[in-house]
Structures are given as structure tokens and as C-alpha cells.
Amino acid sequence: MSGKKNTAAMILAAGQGTRMKSALPKVLHQVAGRPMLWYAATLARKVATQTVAIVVGHGSEQVQAYLEQEKADFEPFEVVIQEKQLGTGHAVRQAYPVCTRNDANQADQFLILNGDTPLLTQGTLASLVDYHQSEKAGLTILTTVIPESHGYGRVVRGQSGEIRRVVEHQDASAEERGISEINVGTYVVDASFLGKALSQLRPQNAQGEFYITDIIEMAVQQGLKVAGWVTNDYLETTGINTREHLAIAEKEMRRRICQRLMLSGVTMLDPERVIVDDGVEVGRDTSLYPGVMLEGRTVIGTNCIIHGNSRLNNCLVGNNVLIQDSCVLLDAQIEEGAVIGPFAHLRPGSVIHRKGKVGNFVELKQTEVGEGSKVNHLSYLGDTVIGRNVNVGAGTITCNYDGFRKARTQIEDNVFIGSDVQLIAPVTIGEGALIAAGTTVTKNVPPNALGISRVAQINKEGTAAKRREILSSSSAAHTQAKQHDDPEPSSLGSNLQQKKDPV
Ligand code: UD1
Ligand code: CA
């Protein structure tokens, strides 16, 4: 970061977000798989040298629980509770004493940012801080010129372009509403000015709130230099107040993620239809087909192909893996060279070792498939460990639940399981055993044994032919009887006859 100035940061995240029409606090709504507050918190932590204070209020328990859960990403920080959300100025007033009480070397300046502006980049923030310092300003605000300025605070400039104040939409005159330069809600303020200015804030405006923006006019009146850093990228400054804004931010964030991945060597057939969460990693020469969703902490290796409409959440995928169309993989691990799908469902705790294959309409839960083993068609396997080079036949099912408890199935190396087998857990199939098709396995099968549980087959010579004879003669008699009752068939016949002759 620039300069030697000590910078503390405040993130305003206490508002309800009424316009979101949601039970969830606004700052916990997600953008590219992370609550928008995460972006503000990580950014502030990168730029600030001193305390980062996060002001929470509406839904504070939920917001605090989230901060606690993800704290490793933006530690250290202080949580400040704003009991009543009386406005952005009031929020800063709550954070100020917290930022000034602890630091051995006090902050020279404060970076203040809204918690609802997740697209803001570190580059822009760094430029803002640099500009503040190079201009020797007392207060610098981030602004942009936006085609649709409705709802934002407008930047009112004087004759020679100097910033005079920011007027909120609700308080603006018709003329002021015509101003297209808006206040982004990101400020750098000198410490020497901020404390006193906060104590002078009054809620004298249309919303009856304490506006942080009022300190701009105060600074001007006190003869302090007020600077404005104008960014060209107005999309980056989008403040999220509604679900529509949320969708705009989502789209832009995903565009950035896909762009970054493509630059690092990932192929996307249609990047607009690939959905990758922030934080997901994808290796070189991997191809992502339309409709792929990579969520959470998913990591994909190099040279993989992931076909259309497959969704991976918190999955670890090795190199050279092929995932066919329409798979759902959750908290699963897939090692090098494995082949999954189409239409496979891997539920949490599934591990597919090297070159394993899990095919069509197979569901796995807490199941390990050993190296080179195959579960190719129409199976459910739960709480199962499968060794190497095992073939699980089509339609094999583990009966792992007795209505009370889950039980485990173990299938050792080189086992061959025929089609349509039920394995009633707990049960172990010893190494090299063979299970006959259609078997219901109720007890352990020793190594190299054949397990079979079928009623012995008997063949009755000629029975099929006799049956056919009986049934066909009785059905002929039935048809005759029906024709007798019903004159229709003959008239139908003559109709057909008529149709045959062209008129
Ligand atoms: C604010 C600015 C406006 C700017 C816009 C940019 C003010 C008065 N207005 O308006 O000039 O153009 O942001 O997006 O600052 N918050 C609190 N405590 C409160 C109220 C709000 O922490 O008591 C937090 C909110 O959670 C939110 C942020 O402050 O993250 C901004 O609040 P919001 O109500 O969205 O302000 P805007 O009306 O968008
Ligand atoms: Ca806002």
C-alpha cells in the first residue's frame, strides 16, 4: 500500500436492507457464492494498517456468526454493534471510539466503506487512498458518473468543479437529481477532522437519519480540502439495495471470475453460461461446458472435462478427470483419471480413487470406490468401502439402513458383483469373491468364494409352447364371441375396404 500513513477502516453493515424484501440481513446475501460482506471485509483488511471495524446491527447475531465462521479470511477485526440503525453517520460514530481506543500508533486517516458494494476493487481503493494523500486532502470521496443515478447521493460541485456537498436522492431538488455524478459511499477522512465532525452530525433531512455524507459540507465549511476520485468503472461501484442490483453484481462478479480463469488457461465453451464461485480453483487445459456450476471450495485439476449441467459443490477433483453431463457432486473427492456420469449423484463423503468409474444413474453416499473399480449402472451404494479392480454390476444396491441405524458394507479387492445384487449391511465381501447376479447377500462372503442366493432354476420342456396354444385359442374364442355381439367390426371392415379404393 501507498504512503506511510496509518489507516483504520470502518465497514458499515448494520442496515436492514428493506428494499431487498428479505428475512436475511442484506450484507449476508451472496454474490458469486460469498456474502457481500466478505468482499468488503477482505478488501478493508488488505488496505488498512490499523483496526478494521465492522458495524453490525440488523440481524447482528446472524452477521456475527458469519464473521466468526469466516474470520480467518479477514482477521483481525472488531465488531461494533449499532443497536438502532439511525443512519450511516450514526454507524461511523459507533465505530470511531473502537478504532481509536486500541491502536498503539493511532490511525492518521479512516477508510469508510459501505458493506453493500461488493464489486469494489483493491486497485480503486488504493487509488483513492493515494489520491487523498497526494492531494493532501482532509476528506476524499470516491465518485463515478452513472447513467442511472436514481437512489444514489449526488455530488454537488461548485463553479470551478470543487466538491461542495453530497445530497441524498430524497433530499435533492429536481435540478440536483439531474446530476449524474454519484457518491459511491467510500471515503478517506483525516483522523484529526473525523472525530469532531461526527459529534456535529444532526438528523435534519428527509429520512431523519444521521448521514455520514454531511461531513463533506462540514469539511468544506471548515476550509479543509475535499477531493473527489472519479472512477470510470461505474459497474464496480454498484451499491446493492434491491434484488435487481444483486443480480447485476452477481453477473459482473462471475464475468470477472470466468475471465480470470480463461486467462489462466481454462477453456469455456460459453463463459456466460458457466457459473463459478469466488474462491474456486480450476487447473490449466480443463474445459467447462455450458451449464457447469462450480461452487464453494471446489478445486479442479488440470486437463479435466466437465460436461454440461454438472454441479460440483466443495469437491476436490484431480487431473484428467472426465465428468459427463448432468452430474451432482457434493463434498466429494475424485482422483486422477476417474470418469463420472452421465447422471451420477455423489453425495458427501464419496471418494473415487484413481481411474475409478461411476456411471449412469448411480448414487453414492459416504462411499469409497477403489482404484480402477467400476460402478457403472443404476446403483445405490451407501456407507461402503470398495477396494481395487472391483466390478459392481448393474442395479447393485446396498441395503445400509434398517430403519434405525446405518450399517457398513465392505467389498475387498478384485471382487466381481453380478447384476441386481442386494448387499444387506453390515456385510463384507472377501477379496476375489464372486457374487452371482440376482443374489441377496445376507452374510459375509469369504475371499475367492462364490456367493449365490437364488432359487434353483428348473426348465419344464414344452410348457411355453403349450401355454401359448391354450391362451391363443381362448383369446380367439373371446374375439369371436365379441364380434357376434357387436356388428361394428364388419362395418369397420367395409370402411377400410372403401378407404383402399380411391374415389
Ligand atoms: C448511501 C449514501 C449515498 C450513496 C450510497 C452508495 C448516505 C447517507 N448515503 O446511501 O450517498 O450514494 O450509499 O451506495 O450515507 N448502514 C449502517 N447503519 C445505518 C444505516 C446504514 O451500518 O444506520 C450501512 C448499510 O448496512 C449499508 C451502508 O451503510 O451497507 C449504506 O446504507 P444504505 O441504507 O444502503 O445507504 P444508501 O441509501 O444506499
Ligand atoms: Ca446502499
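We count ligands from 1, going down the list as the structure has it; atoms in each ligand are counted the same way.
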Point to revise | Sub-3.5 Å N/O-N/O distance, Ala14 and ligand 1 | key: yes
Exercise for review: Could you list which atoms of ligand 1 come closer than 4.0 Å to a heavy atom of Ala13?
Suggested key: 22 (O), 26 (O)
Exercise for review: Pick one of side chain, backbone, both or neither for how Ile182 approaches ligand 1, counting any non-hydrogen atom pair under 4.0 Å.
Suggested key: neither
Review point. Could Lys225 and Glu135 be called an ion pair, given the rule that one side-chain N must be under 4.0 Å from one carboxylate O?
Key: yes
Check your understanding: Non-hydrogen atoms of Lys84 versus ligand 1: any pair closer than 4.0 Å?
Key -> no
Check your understanding: Looking only at distance, does Ala91 have an N or O less than 3.5 Å from an N or O of ligand 1?
Key -> no
Check your understanding: From Asn241, does some N, O or S atom reach closer than 3.0 Å to the Ca ion (ligand 2)?
Key -> yes
Check your understanding: Hey, does the Lys NZ or Arg CZ of Arg45 hover above the aromatic six-ring of Phe77, less than 6.0 Å from the centre and inside 45° of the axis?
Key -> no
Point to revise | Option of least heavy-atom distance to atom 37 (P) of ligand 1 (set: His90, Arg19, His169) | key: Arg19
Point to revise | Short side-chain donor-acceptor distance under 3.5 Å, Tyr401 and Asp383 | key: no
Check your understanding: With a 4.0 Å cut-off, would you call Arg347 and Glu363 a salt bridge?
Key -> yes
Point to revise | Glu168 bridged to Arg177 by N-O distance under 4.0 Å | key: no
Review point. Short N/O distance, under 3.5 Å, between Ile212 and ligand 1?
Key: no
Review point. If you check every N/O/S atom of Asp116, which is the one nearest the Ca ion (ligand 2)?
Key: OD2
Review point. Is it the case that Asn303 and Asn320 place a side-chain donor and acceptor less than 3.5 Å from each other?
Key: yes
Exercise for review: Give yes if a backbone or side-chain nitrogen or oxygen of Leu12 is under 3.5 Å from a nitrogen or oxygen of ligand 1, and no if not.
Suggested key: yes
Practice item. Among all protein heavy atoms, pick out the one at the shortest distance from atom 16 (N) of ligand 1; state its residue, atom name and that distance to 0.1 Å. Key: Gly15 N, 3.7 Å
Practice item. Tell me which part of His58 gets within contact of ligand 1: side chain, backbone, both or neither, using heavy atoms under 4.0 Å. Key: neither
**Study point:** Residues Arg165 and Asp214 bridged, charged N to O under 4.0 Å
**Key:** no
Check your understanding: In ligand 1, which numbered atoms sit nearer than 4.0 Å to a non-hydrogen atom of Leu86?
Key -> 23 (O)
Exercise for review: Identify which of Glu209, Gln16, Gln82 has a heavy atom lying nearest to atom 18 (N) of ligand 1.
Suggested key: Gln82
Point to revise | Option nearest atom 8 (C) of ligand 1 (shortest heavy-atom distance, choices Thr88, Asn183, Ile141, Thr18) | key: Thr88
Revision key, fill the gap. Closest non-hydrogen contact found for Ala172 with Glu176 is CA-OE1, 3.4 Å
Exercise for review: Just let me know how Asn241 lines up against ligand 1, side chain, backbone, both or neither, with a heavy-atom cut-off below 4.0 Å.
Suggested key: side chain
Revision key, fill the gap. Here the atoms of ligand 1 under 4.0 Å from any heavy atom belonging to Gly87 are 18 (N), 19 (C), 20 (C), 23 (O)
Check your understanding: Any donor-acceptor pair under 3.5 Å linking the side chain of Tyr131 with the backbone of Ala137?
Key -> no
Exercise for review: Under 4.0 Å from a heavy atom of Lys26: give me the atoms of ligand 1 that qualify, with their elements.
Suggested key: 35 (O)
Check your understanding: In ligand 1, which numbered atoms sit nearer than 4.0 Å to a non-hydrogen atom of Val184?
Key -> 6 (C), 14 (O)
Review point. Does Tyr96 have its ring centroid less than 6.0 Å away from the ring centroid of Phe110?
Key: yes
Review point. When you check the side-chain N and O atoms of Glu368 and His353, is any donor under 3.5 Å from an acceptor?
Key: yes
Study note, to complete from the structure: The answer for which part of Glu168 has a heavy atom under 4.0 Å from ligand 1 is side chain
Review point. Between Glu371 and Arg354, is the closest basic N to carboxylate O distance under 4.0 Å?
Key: yes
Check your understanding: Looking only at N/O atoms, are Gly151 and ligand 1 under 3.5 Å apart anywhere?
Key -> no
Exercise for review: Check Thr213 against ligand 1 and report side chain, backbone, both or neither, counting heavy atoms closer than 4.0 Å.
Suggested key: side chain
Check your understanding: Between Lys355 and Glu336, is the closest basic N to carboxylate O distance under 4.0 Å?
Key -> no
Practice item. Assign the ring pair Phe343 / Phe361 to parallel, tilted or perpendicular, where the plane angle (0 to 90°) is split at 30° and 60°. Key: parallel
Check your understanding: Among Asp214, Asn205, Asp116, whose heavy atom sits nearest atom 35 (O) of ligand 1?
Key -> Asp116
Check your understanding: For atom 13 (O) of ligand 1, which protein heavy atom lies nearest, and how many Å away is it?
Key -> Asn114 ND2, 3.1 Å
Review point. Would you call Gly57 a ligand 1 contact, heavy-atom distance under 4.0 Å?
Key: no
